[in-house]
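Below is one structure, written out as structure tokens; the observations come after it.
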Amino acid sequence: MLESKNKLGQKLYQNLGKLFYSMAMADHSVHMKEMEKLNEVVRDFWLDVDDVEDEYGTDAAFQIISVFDWLLEYEKDNEEIYEEFEAFYMDHKILFTPEIKNLTMSTSRAIASSFSGSNKSELILLGRLQLLFEK
């Protein structure tokens with residue numbers, strides 16, 4: 001049971017990394033300030049969410065940053081990646097407690113506004129996320 005909880009927790013964080021990458025990439029480029037904001041928010045808030053660890057004994061919340069960095073390195077399409085997050089959410093709604101949803105929204109808003117405020121494509125994505133969480 002603990003192993004499956006850990007695996008699901010890791011998948012949650014990996015998919016949050018996808019979402020935050022999509023948010024940062026909404027304007028087709030990721031700015032250093034967006035990456036810095038993500039790192040700050042993960043360290044300040046996501047590490048305290050639960051006690052899920054990866055196979056190396058590291059807090060699984062760091063998976064958010066690892067997946068984000070990997071997607072950035074390989075320049076993945078943000079729309080496709082967002083749709084992967086959306087599918088994960090629909091299949092695993094139970095993982096998205098009100099606390100997780102609120103933290104996800106606030107992290108997404110922080111990323112969107114970290115570089116020159118939120119632009120139209122970021123605002124559209126924030127709206128899509130809000131509607132998704134209301135399903």
Side-chain angles (χ1 to χ4, degrees):
M1 176 65 187
L2 180 63
E3 184 178 348
S4 62
K5 178 185 176 242
N6 257 353
K7 283 196 186 308
L8 265 181
Q10 288 180 57
K11 288 220 175 290
L12 170 66
Y13 289 123
Q14 290 164 1
N15 278 276
L16 287 168
K18 291 177 181 181
L19 170 66
F20 300 145
Y21 169 81
S22 295
M23 189 60 61
M25 205 52 180
D27 58 359
H28 304 291
S29 64
V30 174
H31 302 279
M32 184 58 74
K33 287 186 190 262
E34 292 169 321
M35 294 171 62
E36 289 168 357
K37 180 55 74 175
L38 176 65
N39 281 301
E40 175 187 323
V41 173
V42 167
R43 290 181 190 285
D44 291 350
F45 300 101
W46 285 103
L47 293 179
D48 296 331
V49 169
D50 56 35
D51 58 357
V52 175
E53 294 181 341
D54 65 16
E55 59 271 21
Y56 306 108
T58 305
D59 194 304
F62 283 117
Q63 292 282 322
I64 294 171
I65 295 169
S66 297
V67 168
F68 183 101
D69 289 346
W70 186 89
L71 293 167
L72 182 60
E73 183 178 342
Y74 291 95
E75 299 177 0
K76 295 296 184 179
D77 177 68
N78 66 306
E79 181 60 31
E80 183 182 316
I81 297 301
Y82 178 80
E83 289 171 4
E84 288 178 21
F85 169 79
E86 209 170 54
F88 178 82
Y89 172 79
M90 295 306 286
D91 290 344
H92 300 91
K93 282 185 182 182
I94 193 146
L95 297 176
F96 290 84
T97 63
E99 177 191 19
I100 296 287
K101 287 181 182 179
N102 287 336
L103 190 50
T104 300
M105 285 302 301
S106 65
T107 303
S108 296
R109 282 191 290 270
I111 291 168
S113 65
S114 65
F115 180 77
S116 319
S118 301
N119 64 36
K120 183 179 176 183
S121 49
E122 290 166 334
L123 291 172
I124 290 169
L125 196 54
L126 283 168
R128 283 176 68 189
L129 181 60
Q130 185 68 50
L131 290 172
L132 177 67
F133 282 169
E134 291 170 5
K135 288 184 180 178

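Please read all numbers here as calculations on a predicted model, not as lab measurements. Side chains included, hydrogens not; waters and symmetry mates left out as well; all remaining heavy atoms used.
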For this session: Would you please test Gln10 and Glu53 for side chain to side chain contact (heavy atoms under 4.5 Å, CB included) and show each step?
Result: CA-CA 8 Å; Gln10 288 180 57; Glu53 294 181 341; over 6 Å; no
Problem set entry | Derivation of the side chain to side chain contact (heavy atoms under 4.5 Å, CB included) call for Leu71 and Ile81 | CA-CA 9 Å; Leu71 293 167; Ile81 297 301; 3.6 Å; yes
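Glu122 CD to Asp27 CG: the interatomic distance, rounded to the nearest 0.5 Å, is 5.0 Å. Note that CD of Glu134 is 10.0 Å distant from CG of Leu129, once rounded to the nearest 0.5 Å. Between the CE atom in Met25 and the OG atom in Ser121 there is a gap of 11.0 Å [rounded to 0.5 Å]. Here CZ of Phe45 is found 12.5 Å from CG of Asn102. Values are rounded to the nearest 0.5 Å. Within the model, atoms CZ of Phe96 and CG of Leu12 stand 5.0 Å from one another, a figure rounded to the nearest 0.5 Å. Between atom CE of residue Met90 and atom CG of residue Leu132 there is a gap of 6.5 Å, rounded to the nearest 0.5 Å.
Between Trp46 and Phe20, the ring planes lie tilted relative to each other; the angle falls in the 30° to 60° range.
Heavy-atom minimum distance, Gly17 versus Val67: C-CG1, 4.1 Å. Ser108 approaches Met23 most closely through the heavy-atom pair O-CG, 3.5 Å. Of all non-hydrogen atoms in Asn78 and Tyr21, the two that sit nearest each other are CA-CE2, 4.3 Å. Ser22 and Leu125 make their closest contact through O-CD2, 3.4 Å (heavy atoms, listed as atom of the first residue, atom of the second, distance).
Summarising the local packing, CD1 of Ile94 is surrounded by 12 or fewer heavy atoms from other residues, nucleotides or ligands at distances under 6.0 Å. Heavy atoms from other residues, nucleotides or ligands lying under 6.0 Å from NZ of Lys11 number 12 at most.
Counting heavy atoms from C-beta outward, Leu19 and Tyr82 have side chains that approach closer than 4.5 Å. Between Arg109 and Leu126, the closest side-chain pair of non-hydrogen atoms falls below 4.5 Å.
Under a 3.5 Å cut-off, the side chain of Thr107 and the backbone N or O of Leu103 do form a donor-acceptor pair.
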Extract all donor-acceptor atom pairs below 3.5 Å that involve side chains of residues 29-42 and protein atoms in other chains or at least two apart in sequence.
{"from": "Ser29", "atom 1": "OG", "to": "His31", "atom 2": "NE2", "distance (Å)": "3.3"}
{"from": "Glu34", "atom 1": "OE1", "to": "His31", "atom 2": "N", "distance (Å)": "2.8"}
{"from": "Lys37", "atom 1": "NZ", "to": "Glu40", "atom 2": "OE2", "distance (Å)": "3.4"}
{"from": "Asn39", "atom 1": "ND2", "to": "Met35", "atom 2": "O", "distance (Å)": "3.0"}

Identify all side-chain donor-acceptor contacts of residues 59-66 below 3.5 Å with residues at least two apart in sequence or on another chain.
{"from": "Asp59", "atom 1": "OD1", "to": "Ala61", "atom 2": "N", "distance (Å)": "2.9"}
{"from": "Gln63", "atom 1": "OE1", "to": "Gln14", "atom 2": "NE2", "distance (Å)": "3.0"}
{"from": "Ser66", "atom 1": "OG", "to": "Phe62", "atom 2": "O", "distance (Å)": "3.3"}

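Note: Phe133 and Tyr89 meet the aromatic proximity criterion, with ring centroids under 6.0 Å apart.
Listed by first and then second residue, the salt bridge (Lys or Arg N to Asp or Glu O under 4.0 Å) pairs that reach into residues 75-97 are Lys18-Glu84, Glu79-Arg128, sequence neighbours excluded.
Connection of Tyr74 to Leu72 is established within a shared hydrophobic cluster, with ILVMFWY side chains joined at heavy-atom distances below 4.5 Å, either directly or through further cluster members.
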